[in-house]
Every structure is written in C-alpha cells, then in structure tokens.
Amino acid sequence: MRNSSAIYQASPPRFRVLLLLLIQIHLALAAPTAYDSPTYTQTISAYETVTGGSTLTKMQRLESRCSGKFVSMGFEGKINAKGDKNAYSVLIFESHASGGGKVKIKSNATRKYLCFSKHGKLIDRQYPARNDEKCIFHEKSIGNSIMLQSVANSGWKVGFYKKGNKMKAPFRKKNQKCFKFAKLELMGDPPILKGDPWPFSLPLDR
C-alpha cells in the first residue's frame, strides 16, 4: 500500500511538469519565424553580376505577377503558380558556372529541377545534365520584376496564367505580365513538409 500511495502522490507533479513542457513546445511552434515574414529582394537580379567560375546559391520564392500566388513545385510533376507560403514554394536558385545571369532552379521539397521539355512545356527533372540548356534560364530584371528566359530557346519563358496554370510554347500574343515575377529571399529554416513521402525539411545544398 505504501508503494501505491507514493506513486499516486508523485504522479500529479510529474503530470504538471509534462503539461508545462507541452505548453512551451506549443508556444515555440506558434512563434513566427523568418519564413513567416520574408522581405522582397532588390529589383536588380544578383545573378546578373555573377562572373564565370563563381557560384551563388539562394533560397527564394517567386510570386507570379499574373496569378498573385507563388510558384509551387510538388511531387508527381505538379508545377503551378497557385502556391502559398509553404514548403512547395521554396525554390533554390543556383547560378550557372558560365555566369552572365544564368541560373538553375530546384525545388527544395522534391529536389527536382525546373526545365522545359523539347516541346516547350514546363516540367521537372531529377538529374538533368550539367549543361542541359533546357534546365538553365537567363534571369532578367524588368522594372521591379524578373523574367526567366530559357537558354535553349529565347522564345521560351517561364509563365503562368491568371488561374496559376503553367503556359507552354508557343507564347505568341500572351499577356507579358504573366511572364513576370516578384522574388522573395528567405532566411532561416525551411518549412516542414506535412503528409508527404518525406515529412521533413531538406537542408540547402552547399
């Protein structure tokens, strides 16, 4: 009986400590992070000043000037401009070794690169060849926006319709606003993926 009484008397303090710990964890998770309120980058593209042999890598989001949403790269090749501030809209911009404003764009969630198919359709690829021009873009500053033009074909540009669906070639007589994006540079830890094959955030490659 003494042992049962001792256990019974010790349980409430343990429960209170556990409850306080759970409350602290909840408050920590609810606290805003750098990802909750990112700031817009400068309108001049940083990649335009990178020279051959140099490397510049940044985590950023692209907000479509046409849909007003973020470019999102999900699993199973889902690419659109319907995203919110979540893990799928975090993109890794890598300057190309040749410099001159050329970049490669990779999803932080899926680790796949944004590319054009041979028919001018936006797709993703896991392991594109290093110099596959269909997966390399010229990043150009236009006013307070940027435009991404394919190195493989100067007539191919990354674009999305007002409802967020991706455009494909040919791009004749299209609204030029739908090829423009605002960039948000991100700092801190990436958002955590939820309900996906990889339920964790992936570190930025160095």
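Using a 4.5 Å heavy-atom cutoff, the side chains of Phe116 and Phe137 are in contact. A heavy-atom distance below 4.5 Å is found between the side chains of Met147 and Gln176. At least one side-chain heavy atom of Phe160 sits less than 4.5 Å from a side-chain heavy atom of Leu122. When side chains are defined from C-beta on, His96 counts as touching Asn131, because their heavy atoms get closer than 4.5 Å. Using a 4.5 Å cut-off on side-chain heavy atoms (C-beta onward), Lys183 and Leu62 make contact. Glu94 places a side-chain heavy atom less than 4.5 Å from the side chain of Lys106.
A disulfide bond (SG atoms under 2.5 Å apart) check over residues 68-135, counting only residues at least two apart or in different chains, returns the pairs Cys115-Cys135. Residues in residues 59-92 take part in these disulfide bond (SG atoms under 2.5 Å apart) pairs, two or more places apart or across chains: Cys66-Cys178.
Among residues two or more places apart in sequence or in another chain, the side-chain hydrogen bond (donor to acceptor under 3.5 Å, both in side chains) test is passed with Lys82 by Asn165. For Lys69, the side-chain hydrogen bond (donor to acceptor under 3.5 Å, both in side chains) partners at least two apart in sequence or on another chain are Asp84. Remark: Asp132 pairs with Arg125, Lys134 by the side-chain hydrogen bond (donor to acceptor under 3.5 Å, both in side chains) rule, at least two apart or across chains. Partners of Ser89 by side-chain hydrogen bond (donor to acceptor under 3.5 Å, both in side chains), not counting sequence neighbours, listed by chain and number: Arg61.
Linking ILVMFWY residues whenever their side-chain heavy atoms come closer than 4.5 Å, directly or via other members, leaves Ile123 and Val103 in distinct clusters. Put simply, Leu148 and Val151 are part of two different groups of oily side chains (I, L, V, M, F, W, Y) that touch within less than 4.5 Å, one to the next. Under the 4.5 Å side-chain heavy-atom criterion for grouping Ile, Leu, Val, Met, Phe, Trp and Tyr, Ile136 is not connected to Ile105 through any hydrophobic cluster.
Atoms CZ and CE, from Phe93 and Met59 in turn, are 12.0 Å apart once rounded to the nearest 0.5 Å. Between Leu114 atom CG and Ile92 atom CD1 the span is 13.0 Å, to the nearest 0.5 Å. A distance of 6.5 Å separates CH2 of Trp156 from OG of Ser117, quoted to the nearest 0.5 Å.
Here the closest non-hydrogen pair linking Thr110 and Gln126 is O-NE2, 4.0 Å. Closest non-hydrogen pair, Leu56 versus Ser95, comes out as N-OG, 2.6 Å. Taking all atoms of both residues into account, the shortest heavy-atom contact from Lys140 to Gln149 is NZ-OE1, 3.0 Å. When all heavy atoms of Phe179 and Gly159 are compared, the pair lying nearest together is CD2-CA, 3.7 Å. When all heavy atoms of Pro128 and Tyr113 are compared, the pair lying nearest together is CD-CD1, 3.6 Å.
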For residues 71-78, dump all side-chain donor-acceptor pairs below 3.5 Å to protein atoms at least two apart in sequence or in another chain.
none

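Using modelled atom types, no side-chain atom of Ser67 and backbone atom of Gly164 make a donor-acceptor pair closer than 3.5 Å. Checked by atom type and distance alone, the side chain of Lys180 never pairs as donor or acceptor with a backbone atom of Arg65 at under 3.5 Å.
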Please lay out, stage by stage, how His138 and Lys102 fare under the test side chain to side chain contact (heavy atoms under 4.5 Å, CB included). CA-CA 5 Å; His138 286 293; Lys102 295 178 183 177; 3.5 Å; yes

